[in-house]
Asker: 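The structure follows.
Residue numbers start from 1 in every chain, and the chains themselves are labelled A, B, ... in the order their sequence lines are given, proteins ahead of strands.
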Amino acid sequence: MRLVQESDYRFRIDPYGGMRVPGVVFASRALLPDPAADKSLEQVANVATLPGVVDASYAMPDMHWGYGFPIGGVAATDVDAGGVVSPGGVGFDISCGVRLLAADLDRQELTEPAVRGLMDGLDAAIPRGMSHRAVWTLHDARQLREVLAEGARYAVQQHHGVPRDLERCEDTGAMAGADPGQVGERAVQRGLGQVGSLGSGNHFLEIQAVDRVYDERVAGAFGLRAGQVCVMIHCGSRGLGHQICTDYVRVMERTAGRFGITVPDRQLACVPVTSPEGRAYLGAMAAAANYARANRQLLAEAARHVFDRITGRELALVYDISHNLAKLETHEVAGAARQLCVHRKGATRALPPGHPDLPADLHDAGQPVLIPGTMGTASYVLTGRPGGPAFASTCHGAGRALSRHQAAKVVRGQELRRRLEAGGIAVRGASWRGLAEETPEAYKDIDTVVDAAQGAGLCARVARLVPIGVVKG
DNA sequence: ATGTGC
């Protein structure tokens with residue numbers, strides 16, 4: 001493989017083997033993965049072999065090794081030119097994403113006892129880890145179908161939220177094309193008892209404060225100001241999305257050959273978007289996306305109740321955006337508008353100012369892009385930039401540098417909690433082992449990743465947030 | 001990420 005540096009934050013992999021387009025990696029030299037330990041550059045090249053792929057197989061600065069596609073990967077296929085959809089291009093945690101809420105409260109107003117009260121309240125109110133608890137217990141599969149079809153809209157209809165919330169959700173809270181009938185029985189069973197639960201791994205709910213504002217005008221449009229207290233929620237579609245991914249990888253492994261498709265890695269199993277199997281996957285995937293949105297809506301409501309009880313203040317939704325999704329979008333390719341299936345896996349949509357899909361009050365500001373940091377480190381709010389080079393996409397987080405196993409050997413959970421609390425960050429975990437696996441040393445530096453993303457022209461910084469307290473899945 | 005593996 002030949003990796004050519006094109007500019008400070010852009011590398012090109014020239015086509016070789018079956019690659020139909022080049023690979024493009026947006027990163028500084030220091031952020032590039034170590035090929036001895038991480039095969040994600042090879043994965044960028046593998047993705048470039050997929051039928052119908054256009055422009056390039058892209059990777060964001062937080063890229064690392066994933067299932068088939070790299071995490072931090074963006075690839076678009078031309079729907080009307082035999083373009084494929086691949087579950088590995090979305091990931092197991094379908095529509096994993098981030099929701100940010102802003103309190104009408106400044107950091108200085110938040111006393112020590114209030115922080116403790118909030119953290120204890122959230123500790124009790126936010127189901128997480130491997131427990132079987134959730135905010136909502138659905139009556140039956142019929143009610144789950146409503147969640148799968150209508151997402152956060154259904155939660156708001158059921159009075160778990162206010163209509164304004166939906167204006168600040170991607171796709172106003174429900175992805176079109178969701179087809180609950182394509183969701184298998186096992187996925188349904190796993191999904192029934194998990195609406196309103198964080199899960200584990202890198203999922204969290206944090207109380208944060210706006211540490212720095214880079215663009216006052218855009219931050220103001222997003223409802224953010226320096227010193228403001230916020231709540232960030234990072235979670236996905238739990239066992240339901242995982243089961244859907246498992247089921248459809250299996251279906252596509254069986255049927256890809258029927259369409260004459262061969263791939264360099266069986267984890268890239270895919271079928272044409274327009275095939276019955278492709279349509280079925282996209283219908284089930286959109287249903288899982290809606291499940292994840294309802295999940296975040298319910299957890300936000302739980303946090304609102306705690307904030308109201310302890311501080312008497314409200315939480316306004318800034319935005320809710322996914323970073324694991326395939327979407328049918330229109331983009332210009334070689335001067336012509338084409339319908340594309342844009343896979344973003346560990347990559348965030350970043351609509352620029354003026355984009356027609358933005359709500360009217362964000363027209364001049366662009367889409368809020370929410371980047372969750374590692375436990376104990378900063379998170380970012382960004383916005384899209386006109387003429388962005390990767391189908392209006394940017395990074396999604398810090399990106400793992402050590403495996404879970406390696407991370408757990410670096411530090412013990414108890415010690416990590418003491419360290420964070422000594423640094424003024426309150427911690428409410430789910431398990432000591434889970435905490436240790438998420439130690440900041442196991443991740444790349446978020447500030448460096450965001451520098452590279454902005455330097456590559458993918459996005460622009462709006463605000464930096466720092467943690468006050470973390471409720472860890 | 002995941003009732004953490006075939």
Side-chain angles (χ1 to χ4, degrees), chain A residues 38 40 43 62-73 86-99 127-134 137-138 144 183-205 233-250 253-254 266-267 284-285 287-289 291-293 295-296 299 321-326 343-348 372 374-375 396-409 413 429-438 442-443 472-473:
Chain A
D38 177 312
S40 55
Q43 294 186 313
D62 49 340
M63 72 181 298
H64 58 105
W65 201 1
Y67 180 90
F69 281 55
I71 292 161
S86 172
V90 173
F92 278 86
D93 193 3
I94 296 168
S95 202
C96 180
V98 183
R99 172 175 287 231
R128 58 196 191 276
M130 287 293 139
S131 96
H132 287 263
R133 221 159 52 82
T137 307
L138 300 176
L144 179 64
V183 176
E185 186 53 33
R186 275 178 90 179
V188 166
Q189 288 308 320
R190 290 178 72 171
L192 280 171
Q194 298 185 320
V195 192
S197 63
L198 273 183
S200 55
N202 63 359
H203 291 164
F204 65 74
L205 183 150
I233 299 169
H234 178 208
C235 65
S237 52
R238 308 285 279 106
L240 178 128
H242 190 276
Q243 190 65 49
I244 289 171
C245 182
T246 303
D247 292 346
Y248 280 93
V249 164
R250 219 166 276 160
E253 277 176 349
R254 277 202 318 264
R266 63 181 294 181
Q267 295 184 351
M285 183 213 69
Y291 184 95
R293 286 145 190 216
N295 191 17
R296 291 193 285 273
L299 290 170
I321 183 77
S322 164
H323 47 236
N324 280 5
L325 215 50
H343 300 75
R344 295 187 184 88
K345 180 191 194 177
T348 316
T374 306
M375 182 169 50
H396 88 302
R400 238 183 209 286
L402 298 181
S403 72
R404 298 192 172 286
H405 187 72
Q406 287 172 304
K409 288 196 288 192
S431 77
W432 293 120
R433 165 86 192 189
L435 209 61
E437 288 176 351
E438 291 299 316
Y443 284 85
K472 195 69 185 148

Asker: In chain order, what residues pass the salt bridge (charged side-chain N to carboxylate O under 4.0 Å, His left out) check against A:Arg250, with sequence neighbours excluded?
Answerer: none
Asker: Rounded to whole Å, please give me the gap between CG in A:Leu240 and P in B:dA1.
Answerer: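 Interatomic distance, CG of A:Leu240 to P of B:dA1: 18 Å.
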Asker: Could you give the CE-to-C1' distance, from A:Met285 to B:dA1, as a whole number of Å?
Answerer: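 Between C1' of B:dA1 and CE of A:Met285: 16 Å.
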Asker: Does a nitrogen or oxygen in the side chain of A:Asn202 sit under 4.0 Å from OP1 or OP2 of B:dA1?
Answerer: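 Yes, because at least one side-chain N or O of A:Asn202 sits under 4.0 Å from OP1 or OP2 of B:dA1.
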Asker: Are A:Ser200 and A:Arg433 packed together at the side-chain level, in the sense that at least one heavy-atom pair is separated by less than 4.5 angstrom?
Answerer: no
Asker: Please work out if A:Arg400 contacts a base, only the sugar-phosphate, or nothing of the nucleic acid, heavy-atom cut-off 4.0 Å.
Answerer: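 No contact.
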Asker: To the nearest Å, how far apart are A:Gln267 CD and B:dA1 P?
Answerer: 17 Å
Asker: What is the distance from CH2 of A:Trp65 to C1' of B:dA1, rounded to the nearest Å?
Answerer: 17 Å
Asker: For A:His203, which contact category applies under a 4.0 Å heavy-atom criterion: base, sugar-phosphate, or nothing?
Answerer: sugar-phosphate
Asker: Look at all strands and tell whether A:Gly201 reaches a base, only sugar-phosphate, or nothing, counting heavy atoms closer than 4.0 Å.
Answerer: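 Sugar-phosphate, no base atom in range.
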Asker: Tell me which of A:Phe92 and A:Met130 sits closer to the 5' end of DNA chain B, going by the nucleotide each one is nearest to.
Answerer: A:Phe92
Asker: Against A:Gln243, only a single residue in A:Arg186, A:Glu185, A:Arg238 fulfils side-chain contact (heavy atoms from CB on, under 4.5 Å); can you say which?
Answerer: A:Arg186
Asker: Name the nucleic acid region contacted by A:Gln194, choosing base, sugar-phosphate or nothing; use a 4.0 angstrom heavy-atom cut-off, strictly under.
Answerer: sugar-phosphate
Asker: Verify the contact: side-chain N or O of A:Arg433 to OP1 or OP2 of B:dT4, cut-off strictly under 4.0 Å; return yes or no.
Answerer: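 It does not, given that no N or O in the side chain of A:Arg433 lies less than 4.0 Å from OP1 or OP2 of B:dT4.
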Asker: What's the OH-C1' distance between A:Tyr291 and B:dA1, to the nearest Å?
Answerer: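 In whole Å, B:dA1 C1' lies 14 Å from A:Tyr291 OH.
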Asker: Between A:Lys345 (NZ) and B:dA1 (P), how many Å, whole number?
Answerer: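 Rounding to the nearest Å, NZ of A:Lys345 and P of B:dA1 are 12 Å apart.
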Asker: Would you say A:Gln194 and A:His132 make side-chain contact, with heavy atoms under 4.5 Å?
Answerer: no
Asker: Can you find a side chain N or O atom of A:Arg238 that sits less than 4.0 Å from OP1 or OP2 on B:dT2?
Answerer: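 So the side chain of A:Arg238 is within the cut-off, an N or O lying under 4.0 Å from OP1 or OP2 of B:dT2.
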Asker: Please confirm whether the shortest side-chain N or O distance from A:Ser200 to OP1 or OP2 of B:dT2 is below 4.0 Å.
Answerer: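 Yes, A:Ser200 has a side-chain N/O under 4.0 Å of OP1/OP2 on B:dT2.
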Asker: Please give, in whole Å, the distance from B:dT2 C1' to A:His405 NE2?
Answerer: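 To the nearest whole Å, that distance equals 19 Å.
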Asker: To the nearest angstrom, how far is A:Ile94 atom CD1 from B:dT2 atom C1'?
Answerer: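 It is 12 Å, rounded to the nearest whole Å.
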Asker: Taking the ring centre of each residue, are A:His234 and A:His396 less than 6.0 Å apart?
Answerer: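 Aromatic pair excluded; centres sit 6.0 Å or further apart.
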